[in-house]
Amino acid sequence: MSAIALGMIIFAYLCGSISSAILICRLARLPDPRQHGSGNPGATNVLRVGGKAAAASVLICDVLKGMIPVWLAYYLNVQPFYLGLVAIAACLGHIYPVFFHFKGGKGVATAFGSIAAIGWDLSGLVAGTWLLTVLLSGYSSLGAIVSALMAPFYVWWFKPEFTFPVAMLSCLVLVRHHGNIQRLWRGQESRIWQKLKNKKKKTTKEIAQEQRDDNDD
């Protein structure tokens, strides 16, 4: 392994360790995603606790954490195998962030960003798989699981030299979703639309209560 490859792997891990969800929620004065909702510092949970704008910001930053290191490694002529290790390092940083006591998210958006850097055709297929699964089922976690399962096959078809590292990325994502897999199997996983609906109802009740309090004053 060259010094450049090793340096990019370390850089990727440090980039991944920057928790976009925690930092954006702090800047926007939103609840800590680790202590509300599902407890996962990721875009889906930020959507529950902070709304669409905050969630979109987190999603973009998480994607860039995987995309930028892989792009840089590619332009520095890092070999394909080590390029895959750079992508894995970024996801490991997101899952086990050194800056946040090694307690991070599930790595889906960061893994997607890493794959997007490999090729837009691959990222389009992965994103399409996630979106179609979520639209048909309503489960964000199921979309991530199905996308992780399909990603190695997509890569094998288009760019087989990246099949092994992408398969390792998929394994990381699946391991992080073991709790979701169990809840899906037992029929206990909540659909994302239902969670947003419940949040909206709760907000309406809170507003009504505030109005009653104002009238009482």
Side-chain angles (χ1 to χ4, degrees), residues 15-68 90-91 93-97 99-100 103-116 123-124 126-148 151 169 172-184 187-208 210:
C15 283
S17 292
I18 301 172
S19 180
S20 308
I22 297 173
L23 295 178
I24 288 174
C25 284
R26 286 179 182 176
L27 290 173
R29 297 183 179 179
L30 296 171
D32 191 330
R34 297 169 296 180
Q35 300 175 3
H36 295 80
S38 66
N40 178 59
T44 302
N45 196 35
V46 172
L47 177 63
R48 299 186 189 109
V49 302
K52 296 178 181 178
S57 300
V58 171
L59 180 63
I60 292 171
C61 290
D62 284 350
V63 169
L64 290 175
K65 288 194 304 185
M67 185 181 295
I68 292 174
C91 290
H94 180 83
I95 296 170
Y96 304 108
F99 304 127
F100 295 93
K103 295 180 181 179
K106 296 182 178 178
V108 176
T110 305
F112 174 77
S114 301
I115 294 174
S123 60
V126 173
T129 301
W130 180 86
L131 182 61
L132 180 62
T133 305
V134 172
L135 290 176
L136 292 177
S137 68
Y139 295 112
S140 176
S141 57
L142 184 60
I145 292 165
V146 172
S147 299
L169 275 178
L172 281 175
V173 172
L174 292 173
V175 168
R176 289 293 290 168
H177 281 78
H178 69 278
N180 302 90
I181 293 172
Q182 292 176 355
R183 288 192 294 272
L184 286 166
Q188 298 175 344
E189 184 81 336
S190 299
R191 288 179 169 85
I192 186 172
W193 320 124
Q194 186 61 41
K195 290 179 179 178
L196 292 174
K197 184 178 179 181
N198 292 339
K199 182 178 182 296
K200 184 177 180 180
K201 287 181 178 178
K202 181 179 179 181
T203 303
T204 303
K205 290 179 181 178
E206 290 173 351
I207 293 173
E210 291 174 357

Not counting sequence neighbours, which residues clear side chain to side chain contact (heavy atoms under 4.5 Å, CB included) with Ala148? List them please.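 Partners of Ala148 by the side chain to side chain contact (heavy atoms under 4.5 Å, CB included) criterion, ordered by chain and then number, come out as Ser170, Val173, Leu174.
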For Lys65 and His94, test the side chains for any donor-to-acceptor distance below 3.5 angstrom and give the result as yes or no.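 Yes.
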Spacing of [X] atom [atom1] and [Y] atom [atom2] [to the nearest 0.5 Å]:
X      : Y      : atom1 : atom2 : value
Leu30  : Ile22  : CG    : CD1   : 13.0 Å
Ile60  : Met67  : CD1   : CE    : 10.5 Å
Gln182 : Gln188 : CD    : CD    : 10.0 Å
Lys106 : Arg176 : NZ    : CZ    : 7.5 Å
Ser19  : Phe99  : OG    : CZ    : 11.5 Å
Arg48  : Asn40  : CZ    : CG    : 8.0 Å

Could you pull out the closest heavy-atom pair between [X] and [Y], with the gap in Å?
X      : Y      : result
Cys91  : Leu172 : CB-CD1, 4.4 Å
Leu184 : Ser141 : CD1-OG, 4.0 Å
Ala144 : Trp130 : N-CD1, 3.4 Å
Gly50  : Ala54  : O-CB, 4.2 Å
Ser123 : Phe112 : O-CE1, 3.2 Å
Tyr139 : Glu189 : CE2-O, 3.1 Å

Report the residue from Ser20, Ser57, Pro33 that forms a side chain to side chain contact (heavy atoms under 4.5 Å, CB included) with Val46.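 Of the listed residues Ser20, Ser57, Pro33, the side chain to side chain contact (heavy atoms under 4.5 Å, CB included) partner of Val46 is Pro33.
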For the side chain to side chain contact (heavy atoms under 4.5 Å, CB included) test, which of Ile24, Leu47, Asn45, Val63 pairs with Val58?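 Answer after filtering Ile24, Leu47, Asn45, Val63: Ile24.
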Would you check if the side chain of Thr110 reaches a backbone N or O of Asp62 as a donor-acceptor pair within less than 3.5 Å?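 Judged by distance alone, yes, a pair lies under 3.5 Å.
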So do the side chains of Ser114 and Leu169 get within less than 4.5 Å of each other, counting heavy atoms only?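 Touching, per the 4.5 Å side-chain cut-off.
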Show the numbers, then the answer: is there a side chain to side chain contact (heavy atoms under 4.5 Å, CB included) between Ile68 and Cys15? CA-CA 9 Å; Ile68 292 174; Cys15 283; 5.8 Å; no
Which residue pairs pass the salt bridge (charged side-chain N to carboxylate O under 4.0 Å, His left out) test when at least one of the two sits in residues 30-47, sequence neighbours left out?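 Passing the test, one end in residues 30-47: Asp32-Arg34.
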Working note: Val134 + Leu142, criterion side chain to side chain contact (heavy atoms under 4.5 Å, CB included); need CA distance, chi angles, decisive distance, verdict. CA-CA 7 Å; Val134 172; Leu142 184 60; over 6 Å; no
